[in-house]
Amino acid sequence: MQIYLPIAGLPVDAFVVVALSIAVGFISGLFGVGGGFLMTPLLIFLGIPPAVAVASVSSQIAASSMTGALAYWRRSAIDFKLSFVLIAGGVAGALLGVMFFNAMQRQGRLDAVIVFSYIFLLGTIGSLMLIESLRAILFSSTKARSQMRTGRDSSIEGLPFKIEFHRSGLYVSVIPLFLLALFIGFAGSLLGVGGGFILVPALIYLFRVPTAIVVGTSLAQQLITMIAATLLHAATNHSVDILLALILILGGTFGAQFGARAQVKMRAEYFRLLLGLLVFGVAVRFAGDVLIAPEDPFQASRTDVGR
Amino acid sequence: MRRRCLLFVLLVLVFCAAQGAKAEKLTVALSSDHIVIDSNFNGARLTIFGDVERDTRDFLYGRYDLIMVVRGPSGAVTMREKIRSGLFWLNGDEHVFKTAPSFLAILSDRPIVEIVDYGNQQRLGGSIEAQVARGTGEGETDFSSALIRIRRAQGLFVDEPGAITFLSPTLFRAAIRLPGYAPLGAYEIETEAFADGLPVGHTTTAFSVRRSGIEHRLAVAAKDHGVLYGLAVIIMALSMGLIASVIFRRD
């Protein structure tokens, strides 16, 4: 069944988009990740303009973060003080990200920027995940884990503006936290990803935030940052497609519930290996776009007709 | 005086004869004068009916031929060429056509070369290439031929000899297929009738493509009231997130 997306200005097969969002939702529920890093690229591969994909997925991430954050809030597993610092950084980053997004769009470089950023970001993180999980599988997993937890970086210890975060049992400078959230807000609003897959490991390994609190806190940051990103995209580049967002939210929500309930008996290292392969695979697919000679080197884009 | 009178009568006769050759009345009617794009829109088919009213004083009694040029709204198109730089294929040269037609269809009852001679083809712009050159006001370049290639592949530029069928010697029917990507705006249909290779009638009709109520309102709201539209999307997203958290609550 074809439906017409009013903002993207093109018809898409509704079943394909629904199936895609359920599948991505399932994966995100299964692995406990946001899924934006999969959803946005898949929409771009489907032929939806990158700007519309990025802007619309932001609202889907806001919806799924809402569900997630509420669940952690009920279990009081959110450090509000910490998430406040992260939100401040995230919203500032989203503002910069959308400004950069608009500037690149005006110059006609947005598509290339998105593709290269995905290659770089997912390529780096995917290969790190692959190396880490393979090392854990091949050698004893406990050894790999103990290597990871070597304590906080001494360069972070020396920074000023230290604040005590009681809930997380942290006494740390707000500067690196703010900068980390700033980067995630920037990349997230530029690429249509929540950034949980960067923020969670960073908070655990760099700042030693307790694992019980880290996911809820990160979801709270994602929620507010993606609300800001959606609003900024809608207000400045008018690329948020409400119908696409609705389909993504519906599919993503159901998929995530199935994913979270799926009883998969698998060792954590294999889980991380699979996720790493997935992340790396998307980077490879994007790399193919710029490495392989295009069928037609010419591209035409309407710049002022109705749609 | 007599000679002058004769001359006048002769002139009138010549004038009438000249008019006679062009006196066929061409009537064209569309199945609908506007096409509405709603959420199920996946392209549309527009049927055109028409009639060539034969002039009784006509000297020509051969069959009629028809050529129809359908033009969509024109607008700016930016063309980019990907070139290899080092390892990567990146955007290189860029060219902007300020007034490129967004949709073009050239329909006829048989191949245009069989209908008219070269001169009339030139006058008519009876090919996609000629129509694009006319619309953009630019000669043929790599960019213009790429534009034509891309738009043809999208079904936005078509030429269909045989899309017009005569139901009787004078009554005809044509079908225009608009793809799902059909741009919004005013479309113009120029129909010209020929008899024995000579133009005998000409008429212009129009139709428009527009979004249906809700799609149109959404698109307008997104453009004109970005902040409110954004807030609406956020409220929708958050309330669905909230509902999901209530429905799927596990603790």
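Owing to the predicted nature of the structure, the values given are computational and were not obtained by experimental measurement. Letters go in sequence order (proteins before strands), and every chain restarts at 1.
Looking at N237(A), neither its backbone nor its side chain comes within 4.5 Å of chain B, counting heavy atoms on both sides. Heavy-atom distances place no part of L248(A) under 4.5 Å from chain B, backbone and side chain included. Both the backbone and the side chain of A245(A) have a heavy atom closer than 4.5 Å to some heavy atom of chain B. If you measure heavy-atom distances from L238(B) to chain A, the contacts under 4.5 Å come from both the backbone and the side chain. For R84(B), the part sitting under 4.5 Å from any heavy atom of chain A is the side chain, from C-beta outward, and nothing else. Interface remark: I150(B) contributes side-chain atoms only to the contact with chain A (heavy atom separation under 4.5 Å). Contacts of R149(B) with chain A are made by side-chain atoms alone, with heavy-atom separations under 4.5 Å and no backbone atom involved. With a 4.5 angstrom heavy-atom cutoff, L70(A) touches chain B only via side-chain atoms.
Heavy atoms from other residues, nucleotides or ligands lying under 6.0 Å from CH2 of W73(A) number 12 at most. A 6.0 Å sphere centred on CZ of F143(B) holds more than 12 heavy atoms belonging to other residues, nucleotides or ligands. Annotation for F15(A): atom CZ does not count as buried by contact number, only 12 or fewer foreign heavy atoms lying within 6.0 Å. The neighbour count for M99(A) CE, taken as heavy atoms of other residues, nucleotides or ligands under 6.0 Å away, does not exceed 12.
With rounding to the nearest 0.5 Å, the separation of CZ in F254(A) from CZ in F248(B) is 4.5 Å. Between R74(A) atom CZ and S245(B) atom OG the span is 4.5 Å, to the nearest 0.5 Å.
Listed options I83(B), I234(B), L228(B), L218(B) were ranked by heavy-atom pairs under 4.5 angstrom with chain A; first place goes to I234(B). Note: A222(B) leads G230(B), A222(B), A219(B) in heavy-atom pairs under 4.5 Å with chain A. Chain B forms more heavy-atom pairs under 4.5 Å with one residue of I61(A), T230(A), I227(A) than with any other, namely I227(A). Heavy-atom pairs under 4.5 Å with chain B were tallied for L223(A), D111(A), I249(A); the largest tally goes to I249(A).
When side chains are defined from C-beta on, F88(B) counts as touching L291(A), because their heavy atoms get closer than 4.5 Å.
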M240(B) and L246(A): CA distance, side-chain angles, deciding distance, side-chain contact (heavy atoms from CB on, under 4.5 Å) verdict: CA-CA 9 Å; M240(B) 288 181 71; L246(A) 183 68; 3.6 Å; yes
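A distance-only check finds no donor-acceptor pair linking the side chain of T253(A) to the backbone of A244(B) [under 3.5 Å]. When atom types are taken as modelled, the side chain of Y229(B) and the backbone of V240(A) share a donor-acceptor pair closer than 3.5 angstrom.
When all heavy atoms of S59(A) and V233(B) are compared, the pair lying nearest together is CB-CG1, 3.6 Å. Contact detail for K223(B) and H238(A): the closest heavy-atom pair is O-CE1, 3.3 Å.
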